[in-house]
2 protein chains.
Amino acid sequence: MATNNYIPKRPDIIDCNIEKTLDVIGGKWAFLVLRELFGGTHRFGELQRRIPAVSPRALTSTLRHMEEKGVLERKVFPTVPVTVEYTLTPKGEDLHQIIMEMKLWAAKWT
Amino acid sequence: MATNNYIPKRPDIIDCNIEKTLDVIGGKWAFLVLRELFGGTHRFGELQRRIPAVSPRALTSTLRHMEEKGVLERKVFPTVPVTVEYTLTPKGEDLHQIIMEMKLWAAKWT
DNA sequence: CTGTATCCGTTTGGATACTG
DNA sequence: CAGTATCCAAACGGATACAG
């Protein structure tokens with residue numbers, strides 16, 4: 001109970017800032033979008049079909065947020081009608097290790 | 001654009017279920033509590049002081065949720081006044097690798 | 001096709017006071 | 001000390017219609 005001079009079990013965690021990471025993958029839909037984009041580039045409508053529960057409003061919000069954070073890139077093609085493609089950036093692809101660790105943990109602790 | 005027969009870049013992500021993991025560490029306060037408990041056992045009031053922005057209501061809710069998920073243990077000592085201690089379980093300690101990966105990612109992509 | 005605008009119900013969470 | 005009860009404001013998010 002001596003909280004004044006306790007020795008941390010995991011000193012590498014103390015100064016750890018993962019809020020930034022959670023800000024990217026912690027949202028309600030962010031991971032579902034990521035999962036799709038790890039499979040390759042997708043268009044807005046494709047994402048909507050593959051994630052049936054998401055409303056267009058929420059999907060737009062999620063995509064914009066992730067674009068702002070630099071984990072995906074949005075490309076607009078001036079076709080008629082317009083075409084938009086979403087692709088992971090290297091920063092986004094690099095989330096791979098984190099997600100793998102999450103997958104391993106979830107599998108281990110059923 | 002051939003979405004019918006595309007080959008995923010990250011096949012190991014496709015069947016991945018990390019919702020369970022995010023359910024534990026994705027909440028607004030969960031990680032801040034985890035960070036404290038990685039330093040060792042703490043009492044309710046200690047957590048409140050170390051996480052000044054959290055209200056008692058939110059802290060209780062977070063702790064109860066994490067207890068329910070099996071990542072921490074709540075021990076009540078029938079002293080007067082009552083004493084309550086929170087400690088990570090092995091399942092909770094095992095979140096360590098995930099958090100380390102998050103920390104590395106956040107550090108890499110300033 | 002790819003969103004945006006609007007409405008609105010639900011949920012979240014802070015502040016505060018109070019209890020065993 | 002460790003919460004719980006209550007109130008209330010803000011944010012989230014779904015449904016729907018519509019615009020460029």
Side-chain angles (χ1 to χ4, degrees), chain A residues 1-4 6 19 22-37 40-69 71-88, chain B residues 1-4 6 19 22-34 36-37 39-69 71-88:
Chain A
M1 278 225 224
T3 55
N4 301 335
Y6 77 90
E19 286 86 344
L22 285 176
D23 183 36
V24 172
I25 63 172
K28 187 172 179 180
W29 304 106
F31 167 65
L32 295 174
V33 170
L34 272 179
R35 174 155 58 188
E36 296 306 324
L37 294 187
T41 298
H42 282 295
R43 296 174 58 183
F44 187 88
E46 287 171 357
L47 292 172
Q48 228 179 347
R49 276 192 299 280
R50 286 166 170 276
I51 312 172
V54 72
S55 69
R57 176 196 171 105
L59 183 55
T60 299
S61 166
T62 301
L63 289 168
R64 288 290 196 281
H65 178 74
M66 294 171 73
E67 184 191 9
E68 199 176 318
K69 298 299 172 182
V71 297
L72 60 78
E73 192 187 6
R74 178 173 180 266
K75 283 185 210 154
V76 181
F77 298 92
T79 51
V80 177
V82 66
T83 301
V84 181
E85 286 186 351
Y86 295 93
T87 310
L88 287 185
Chain B
M1 278 227 222
T3 56
N4 301 334
Y6 78 88
E19 285 86 344
L22 285 176
D23 183 35
V24 173
I25 63 171
K28 187 173 179 180
W29 304 106
F31 166 65
L32 295 175
V33 171
L34 272 179
E36 296 306 324
L37 294 186
T41 298
H42 282 296
R43 296 172 60 181
F44 187 89
E46 287 170 358
L47 293 172
Q48 230 180 344
R49 276 191 301 279
R50 287 165 170 278
I51 311 171
V54 72
S55 69
R57 178 195 169 108
L59 184 55
T60 300
S61 166
T62 302
L63 289 167
R64 288 289 197 281
H65 179 74
M66 293 171 74
E67 185 190 9
E68 201 176 316
K69 299 299 174 183
V71 297
L72 61 78
E73 192 186 6
R74 180 174 179 267
K75 283 186 211 152
V76 182
F77 299 91
T79 51
V80 178
V82 66
T83 302
V84 180
E85 286 187 351
Y86 295 93
T87 310
L88 286 185

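Note that the coordinates shown come from a computational prediction; the quantities given were computed from them, not determined experimentally. Each chain gets a letter, A, B and so on, in the order the sequences are listed, and its residues count up from 1.
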Using atom [atom1] of [X] as one end and atom [atom2] of [N] as the other, report the distance to the nearest whole Å.
X        : N       : atom1 : atom2 : result
Leu47(B) : dA2(D)  : CG    : P     : 9 Å
Arg50(B) : dA2(D)  : CZ    : P     : 14 Å
Lys28(B) : dC12(D) : NZ    : P     : 10 Å
Tyr86(B) : dA2(D)  : OH    : C1'   : 7 Å
Phe44(A) : dA19(D) : CZ    : C1'   : 14 Å

Query raised in the report: Is Ser61(B) reaching over with its side chain to a backbone N or O of Arg57(B), donor-acceptor style, under 3.5 angstrom?
Result: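 Between the backbone of Arg57(B) and the side chain of Ser61(B) there is no qualifying donor-acceptor contact (under 3.5 Å).
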Report task. Enter the inter-axis angle for the ends of the helix from dC1(C)-dG20(D) to dG20(C)-dC1(D) (five pairs per end, rounded to 10°). Result ->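 Roughly 50°, once rounded to the nearest ten degrees.
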Query raised in the report: Between Trp29(A) and Gly45(B), which has a closest nucleotide on DNA chain D that is more 5'?
Result: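 Its nearest nucleotide being more 5', the pick is Gly45(B).
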Query - First of Val76(A) and Pro81(B) reached from the 5' end of DNA chain C, by closest nucleotide - result: Val76(A)
**Report entry** Terminal contacting nucleotides, 5' and 3', DNA chain C versus chain A (heavy atom, 4.0 Å)
**Finding:**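 Going 5' to 3' along DNA chain C, contacts run dC1(C) to dC7(C).
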Query raised in the report: Reckon Arg64(B) has a side-chain N or O less than 4.0 Å from the OP1 or OP2 of dG3(D)?
Result: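 The answer is yes; a side-chain N or O of Arg64(B) sits under 4.0 Å from OP1 or OP2.
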Requested in this report: Could you list by number each residue of residues 53-62 of chain A showing a heavy-atom separation from DNA chain C of less than 4.0 Å, or answer none if no residue does?
Outcome: Arg57(A), Thr60(A)
